[in-house]
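The chains referred to below are lettered A, B, ... by the order of the sequence lines, with proteins before strands, and numbering in each begins at 1.
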There are 2 protein chains.
Amino acid sequence: MVRVINKKINRDKLLDQGVTMLMGQGFHGTGLKEILDAVKIPKGSFYNYFENKETYCAEVISHYIEPFIIQLQGHLQKPEMDALTGLKNYFNELIDELEKNQFKGGCLLGNLMGELGDTSEICRLSLQEAVNRYRDLIKQGLLKAQQEGAVRNDLSAESMANLLVDTWQGVLLRMKIEKSIVPLKSCCDNLLGGYFKA
Amino acid sequence: MVRVINKKINRDKLLDQGVTMLMGQGFHGTGLKEILDAVKIPKGSFYNYFENKETYCAEVISHYIEPFIIQLQGHLQKPEMDALTGLKNYFNELIDELEKNQFKGGCLLGNLMGELGDTSEICRLSLQEAVNRYRDLIKQGLLKAQQEGAVRNDLSAESMANLLVDTWQGVLLRMKIEKSIVPLKSCCDNLLGGYFKA
DNA sequence: GAATACAATACGACTGGTCGTCTTAATTGT
DNA sequence: ACAATTAAGACGACCAGTCGTATTGTATTC
C-alpha cells in the first residue's frame with residue numbers, strides 16, 4: 001500500500017520534471033538520465049512507471065495542459081466577471097508568468113508539435129487531444145462572451161477559438177527568439193481587443 | 001580551383017539536405033551521419049565545411065528562407081496584380097505545396113524556434129534574422145495593399161505583418177497534428193480576407 | 001498472531017549502438 | 001617539393017532500453 005503511493009509520487013515527480021525539461025530542451029535534447037537524476041529516481045525504475053520514453057512524453061503532454069485548463073476555468077467561472085474580460089485577464093496572467101521566466105520555455109505543446117508532430121504518432125495524438133481540450137474551453141468562453149454581447153456573432157466561437165490558440169502558439173515562438181513580450185501583447189490586443197470585438 | 005567549386009557544391013548539398021532532415025526530425029533528432037550518408041559525403045569531411053553542428057544549423061536556417069523570399073517577391077512584383085491578391089496567391093501556393101507533402105515538415109523556422117530558441121544563441125539569432133526578413137517582405141506587401149486601398153489603414157503594416165507571420169507559424173503547427181489544411185485556410189480567410197480588409 | 005510463500009516493485013550495472021568531434025594520414029593543386 | 005584540402009576512422013561520451021537481483025508488500029497457512 002505504501003508502495004503504490006510511492007509509485008504515484010514518483011510518477012508525478014517524473015511527469016513534473018518532464019514538463020520542465022522537455023519544454024526547455026525538447027524531446028531529443030533531453031536524456032532520460034538527466035530527468036531521472038534531477039528527481040533522484042534510478043534508471044531502472046523508469047520502466048516500471050512508463051513503457052518507454054515516447055509514451056512517457058505523451059503522458060507529460062496531458063499532464064502539462066491540466067493546470068492551464070484549471071487556471072482558465074477559474075477566470076471564466078467568476079460570476080462577477082464577463083467572459084471577455086476573463087479571457088483577457090487569463091492571457092495577461094500568462095504573459096506575466098512568461099515574463100518572469102525570461103521568455104524561456106514557451107509552450108510545451110507548441111514546441112513538441114514542431115519537433116514530434118511528424119515522427120511520433122503517439123505524441124501527435126496526445127498533442128491533438130491537449131490542444132483541442134484547451135481550444136474547447138476557450139471556445140466556451142468566447143460563446144459566453146458572444147451571449148453577453150461583447151464578442152461579434154458573425155464568426156463562430158469555434159473558429160475564433162482556433163485562431164486565438166493558433167496565433168498564441170505562433171507568438172510564443174516569436175517571444176522565444178525575440179526575448180520580448182511585445183508579440184504576446186499585440187496578439188491579445190489584435191484578437192481579443194480588436195478582431196473579435198462586437 | 002576545381003576544389004573550391006566542389007567545396008561549394010558539397011556545402012550546398014549539405015545545406016539542402018539539412019533543410020529537409022532538420023525540418024522533418026528536428027536538430028537533436030537528426031544525426032550528422034544521417035545527413036552525410038544521404039548526400040554521400042564522408043563523415044570526416046563535414047568539419048572542412050562547417051565549424052560544428054550548431055553553426056551548420058544556423059546556416060541551414062538562412063539557406064532555408066531564401067526560396068520563400070524569392071517566391072513571395074515574385075508574387076508581389078507582378079505589375080498587373082494588386083498586392084493583397086498577390087499575398088493571397090502566395091499563401092495559397094504554400095498551402096498547395098504543404099498539402100502535396102501530406103502536411104509533413106511545416107516550417108523549419110517554427111520547428112527550430114521551439115526546439116532551439118532557448119538553448120542555442122547562434123540559432124536563435126539566425127532564426128530572428130530569417131523571420132524578420134520574411135516579415136519585412138510581407139510588411140512591404142501589406143503597405144502596397146494599403147496604398148491600393150485594399151487593406152485597412154488604421155493598423156500599421158508592420159503589426160499586421162507580425163500577426164500574419166506569427167499566426168501562420170501557429171497554424172502550421174496545428175496542421176501537423178491535425179494533418180489538415182483547414183487551419184491554414186482559415187488563417188488566410190480570417191486575416192487577409194477579414195481582419196485586414198479595408 | 002507468526003511463519004512462510006509468492007508476486008510486485010526497485011534498482012543499478014550493463015548492452016549495443018549512435019552521438020558530435022578530433023587526429024592523422026592521404027590526396028590534391030601549385 | 002610544398003601547402004592546403006579532403007577523408008578515414010578512432011575517440012570518449014552518451015543514448016534508450018534490458019536484465020538479473022534485491023527488496024518489499026500481500027496473501028496464505030498454521
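Summarising the geometry, the separation between CD on B:Glu34 and P on C:dC19 is reported as 7 Å, rounded to the nearest angstrom. Atom CG in B:Asn10 sits roughly 8 Å away from atom P in D:dT6 (whole-Å rounding). The distance between atom CG of B:Asn48 and atom C1' of C:dC22, rounded to the nearest whole Å, is 12 Å. Atom CZ in A:Phe46 sits about 17 Å away from atom P in D:dC19, given to the nearest Å. Distance, B:Lys33 NZ to C:dT21 P: 16 Å, rounded to whole Å. Nucleotide D:dA13 holds its P atom 20 Å from the CG atom of A:Leu32, rounded to whole Å. Here the C1' atom of nucleotide C:dC22 and the CZ atom of B:Phe50 are 18 Å apart, to the nearest Å. A:Glu51 places its CD atom 14 Å from the C1' atom of D:dT18, with the value rounded to the nearest Å.
Remark: A:Asp16 pairs with A:His63 by the side chain to side chain contact (heavy atoms under 4.5 Å, CB included) rule, at least two apart or across chains. With sequence neighbours excluded, the residues forming a side chain to side chain donor-acceptor pair (under 3.5 Å) with A:Glu93 are A:Gln71, A:His75, listed by chain and number. Residues that satisfy the side chain to side chain donor-acceptor pair (under 3.5 Å) test with A:Asp154, not counting sequence neighbours, are A:Arg152. Remark: B:Glu158 pairs with B:Lys139 by the side chain to side chain donor-acceptor pair (under 3.5 Å) rule, at least two apart or across chains.
Annotation: salt bridge (charged side-chain N to carboxylate O under 4.0 Å, His left out) contacts involving residues 164-190 of chain B, sequence neighbours excluded, comprise A:Asp118-B:Lys176, A:Asp166-B:Arg174, A:Arg174-B:Asp166, B:Arg174-B:Glu178. Annotation: ring-ring contact (aromatic ring centres under 6.0 Å, His included) contacts involving residues 105-124 of chain B, sequence neighbours excluded, are absent. Judged as a ring-ring contact (aromatic ring centres under 6.0 Å, His included), not a single pair has a partner in residues 105-150 of chain A (not counting sequence neighbours). Listed by first and then second residue, the ring-ring contact (aromatic ring centres under 6.0 Å, His included) pairs involving residues 85-111 of chain B are B:Phe91-B:Trp168 (not counting sequence neighbours). Sorted by first and then second residue, the side chain to side chain donor-acceptor pair (under 3.5 Å) pairs with a member in residues 78-89 of chain A read A:Asp82-A:Thr85; sequence neighbours excluded.
The existence of a salt bridge linking A:Glu129 and A:Arg133 is excluded, since no basic side-chain nitrogen approaches an acidic carboxylate oxygen closer than 4.0 Å.
Checked by atom type and distance alone, the side chain of A:Thr55 pairs as donor or acceptor with a backbone atom of A:Asn52 at under 3.5 Å.
A heavy atom lying under 4.0 Å from DNA chain D marks none of the residues of residues 14-30 of chain B. The stretch residues 52-64 of chain B has no heavy atom under 4.0 angstrom from DNA chain D at all.
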Within the sub-3.5 Å range, which N or O atoms of nucleotides 12-17 of chain C have a protein N or O partner, and how far apart are they?
unit_1, atom_1, unit_2, atom_2, d
C:dG12, N7, A:Gly44, N, 2.9

